[in-house]
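Small disclaimer: the values here were computed from a predicted structure and weren't measured. Chain letters run A, B, ... following the sequence lines, proteins first and then strands; every chain starts at 1. We use all heavy atoms of the structure for the numbers below, so side chains are in, but hydrogens, waters and symmetry mates are not.
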Amino acid sequence: MEATKKNIEKPLDFIRQIVTEDLRTGKHATPVTRFPPEPNGFLHIGHAKSICLNFGIAAEFNGRCHLRFDDTNPSKEESAYVKSIQEDVTWLGFDWGENLFYASDYFDKLYDFAVELIKKEKAFICSLNAEEMRKYRGTLTEPGKDSPYRDRPIQESLELFQGMKEGRFEEGSHVLRAKIDMTSPNLTLRDPIIYRIMNVHHHRTGDKWCIYPMYDFTHCLSDALESVTHSLCTLEFADHRPIYDWVLDVLETPVHPQQIEFARLNLSYTVMSKRKLMQLVHENLVTGWDDPRMLTISGLRRRGYTPASIREFCKEIGIGKRDSWIDMGVLENAARNDLNVIAPRVMGVLDPLKVVITNYPEDTVEDIEAKNHPQNPDMGSRTLPFSREIYIERSDFLENAPKKFFRLDIGREVRLRYAYFITCVSVVKDETSGEVLELHCTYDPETYGGNAPDGRKVKGTIHWVSAAQAVNCEIRLYDRLFLVENPDADKDVNFKDHLNPNSLSSLTECMVEPSLANAEPGTSVQFERQGYFCVDSKDSKPDSLVFNRTVGLRDSWAKRKK
RNA sequence: UGGGGCGUAGCCAAGCGGUUAAGGCACCAGGUUUUGAUCCUGGCAUGCGGAGGUUCGAAUCCUCCCGCCCCAGCCA
């Protein structure tokens, strides 16, 4: 059968090609990957890319993916973050099973490995202070110089290292360094520090240690201890690959995982670094890590993004080695694609304008049947009340409207979705301000359900809610957090100066259909003709609903007006 | 001026010596539509950072050049 366009499979990215090849040649029977977050902040959309890559490969190739906390710097890390990270990974739809690890699990082994390194004359205790060490390191273009402690006898280094462990020295007085090559053009090879003294309480090991291993020493050994096959990291670690390999070669570990680097995600109109996100949180420029404007996983979740939409986004953007900037529109599109299929349709008016249907009987409430999803009959239908007074969207009325405006104007007829055709007869305005207060319309009783027996057509269908039964609620609309594509681009301007002052607008007079009165937090719906909205998980209460706009519908009319 | 990485459309991204240079986003033009949504159809790189070269044939191989990103934490 001929493959249709829809059936064309996404080609394998370069990492999956490597994995495929390693499986084919028998280098590995099954791939083992890991997602190694440092528990010093919340996960964001950039991490989602890595999570989808690592867990995705494990799932696709029948392997496994470990969740390992890279907790080697207790001065920045907290167990609260450990919890949120686990929640986020799980929510995204991935499962590490039994494979939950911490680099701190390996502190004893790491210490032994360090001793082994000293004994092999591949590491030494250096007693230069930080400033001296910087001088000895050289620069990008000049080689470094050997530390005067480089040839310290093995026994002396061993004893000092023991002393460091026992807390006999001040922070900064000694470090353990790998003995590699001070003249290497790759600065990371100029006798890198692998252990430093830190008199800091660790969230898991407590006060057991006062020396902590550095990333370059810890990460490769952790990977090896877990029999990881493919250690995937971002591009900035490419320079570290030689150390990764050096440590594992010198120490002769049973397995030697392959480090492969890929480009991190950049999204336009946002910042991605944990440091900056934390700044926004701590300076109350957003309401928290889970502020719906934040591109954190928890922010996206609260905003109404589904796990499937984020996974789809990650699949769509692909994996490569180029620095790239993904347009926000791609993320939004992923949300629409998923929500379009799963979100029930309801009616809600963001900016209500009262309409009195003058020829409709007073004190009558009629049942109107409405489909929950016109394209999916399985989602059923619901009943809406209809009465003499309703609310419509203020933007659905325009005086002296142009011909192409398919909505209400005096003398024009539109369809109220699922209900009746109405024709606008007159406008009631505030005498001084000229503001439109309400519309008087007439309805055609023959058009119940939305079709005219005489076959007459209307171009426009608008949404509405019955005034008496409508539920008043708050709806929060979000815009991009920053005004420029790359808030970090200009080094002379603080990224916070680019914050969009209008990134949040809260509408409190909104009216939604009564079926929503008991909507559960986290529920996603489509307000027809408006967009996808989600019941806020923090601030929404049964008697005061709060909706977040996840993303608006495409709006070719708004585009045309520009 | 050291080392590492990367240049295919406005934004991503396939391509792995012979294809009309996939696909998605965006955009444009039509069709369907009781959501100006969705859906459907079509359009959108004589061109692959530039210049040379190898070859019957180059985005793919070679040379030189240009541009962008990363590295001088006792962060990861």
Identified side chain to side chain donor-acceptor pair (under 3.5 Å) counterpart of A:H463 within the set A:E393, A:R417, A:E528: A:E393
For A:R415, the option from A:D444, A:T447, A:T461 that meets side chain to side chain donor-acceptor pair (under 3.5 Å): A:T461
Length of the OH-C1' vector between A:Y418 and B:rA37, whole Å: 12 Å
Ring centroids of A:Y215 and B:rA76 base under 5.5 Å with planes under 30°: no
Cationic N near anionic O, under 4.0 Å, A:E21 to A:R24: yes
Can you check whether any acceptor in the base of [N] is under 3.5 Å from a donor in the side chain of [X], or vice versa?
X	N	answer
A:R407	B:rG36	yes
A:D239	B:rG3	yes
A:E332	B:rA26	no
A:Q530	B:rU35	no

Polar side chain donor-acceptor pair, A:R554 to A:N333, under 3.5 angstrom: yes
Annotated protein contacts, base or backbone, on nucleotides 13-18 of chain B with a non-hydrogen cut-off under 4.0 Å, one of B, S, - each: BSSB--
Along RNA chain B (nearest heavy atom to each residue), the more 5'-positioned of A:H240 and A:L187: A:L187
